[in-house]
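Below you'll find the structure, written out as structure tokens, and then a few comments.
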Amino acid sequence: MPLIQGSLFDIYRKVPKDLTQPTYTGAIISVCCCLFILFLFLSELTGFIATEIVNELYVDDPDKDSGGKIEVNLNISLPNLHCELVGLDIQDEMGRHEVGHIDNSMKIPLNNGDGCRFEGHFSINKVSTQPGVKGCKATVR
């Protein structure tokens, strides 16, 4: 019994030239498939390259004895933002809204005054709260 040849397992066998015939329908389908493959490739590539910035903060219930408050400590370095443009806003669903919060906060210049490190300490209510460091001049009223 002769050995089985590897070419018997060839799934992609070549069709002889005399049995193939190019058609316009085949050309249209081929071009449409190539365009569709290019579209899928480019859409996946842009989805891979795109950067998504998500601004969310989730806080667990750490302690029942804190009276409904959570202590927050911030230490943020902003290397390309001047200190005079940095401020802190605090807002929650219980009606608290502080613009330009300056209590227990400190601005430290970085990079010869071209940047800023903002350090702050404050308490927030244990409800949905949106603390935000903003990049504009804060004025205290």
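This structure is a prediction, so every number in the text was calculated from the model and none was measured. Just so you know, these numbers use all the heavy atoms, side chains as well, and skip hydrogens, waters and symmetry mates.
Nearest heavy-atom pair across Gly26 and Thr23 is N-OG1, 3.1 Å.
Other members of the cluster containing Ile49 are Leu38, Phe41, Leu42, Leu45, Phe48, with ILVMFWY side chains joined at under 4.5 Å, either directly or via other members.
Between the CE atom in Met106 and the CG atom in Asn75 there is a gap of 8.5 Å [rounded to 0.5 Å]. To the nearest 0.5 Å, atoms CG (Leu81) and CG (Asn111) are separated by 11.5 Å. Note that CD1 of Ile37 and SG of Cys32 are 11.5 Å apart. Values are rounded to the nearest 0.5 Å. For the atom pair CG of Leu78 and CZ of Phe118, the computed distance is 9.5 Å after rounding to the nearest 0.5 Å. Rounding to the nearest 0.5 Å gives a distance of 7.0 Å between CG of Leu110 and SG of Cys83.
Within the structure, salt bridge (charged side-chain N to carboxylate O under 4.0 Å, His left out) pairs that include any residue of residues 21-31 do not occur (at least two apart or interchain).
A donor-acceptor pair is defined here as one N or O able to donate and one able to accept, closer than 3.5 Å; such a pair exists between the side chain of His82 and the backbone of Gly113.
For Glu119, the salt bridge (Lys or Arg N to Asp or Glu O under 4.0 Å) partners two or more places apart in sequence, or in a different chain, are Arg117.
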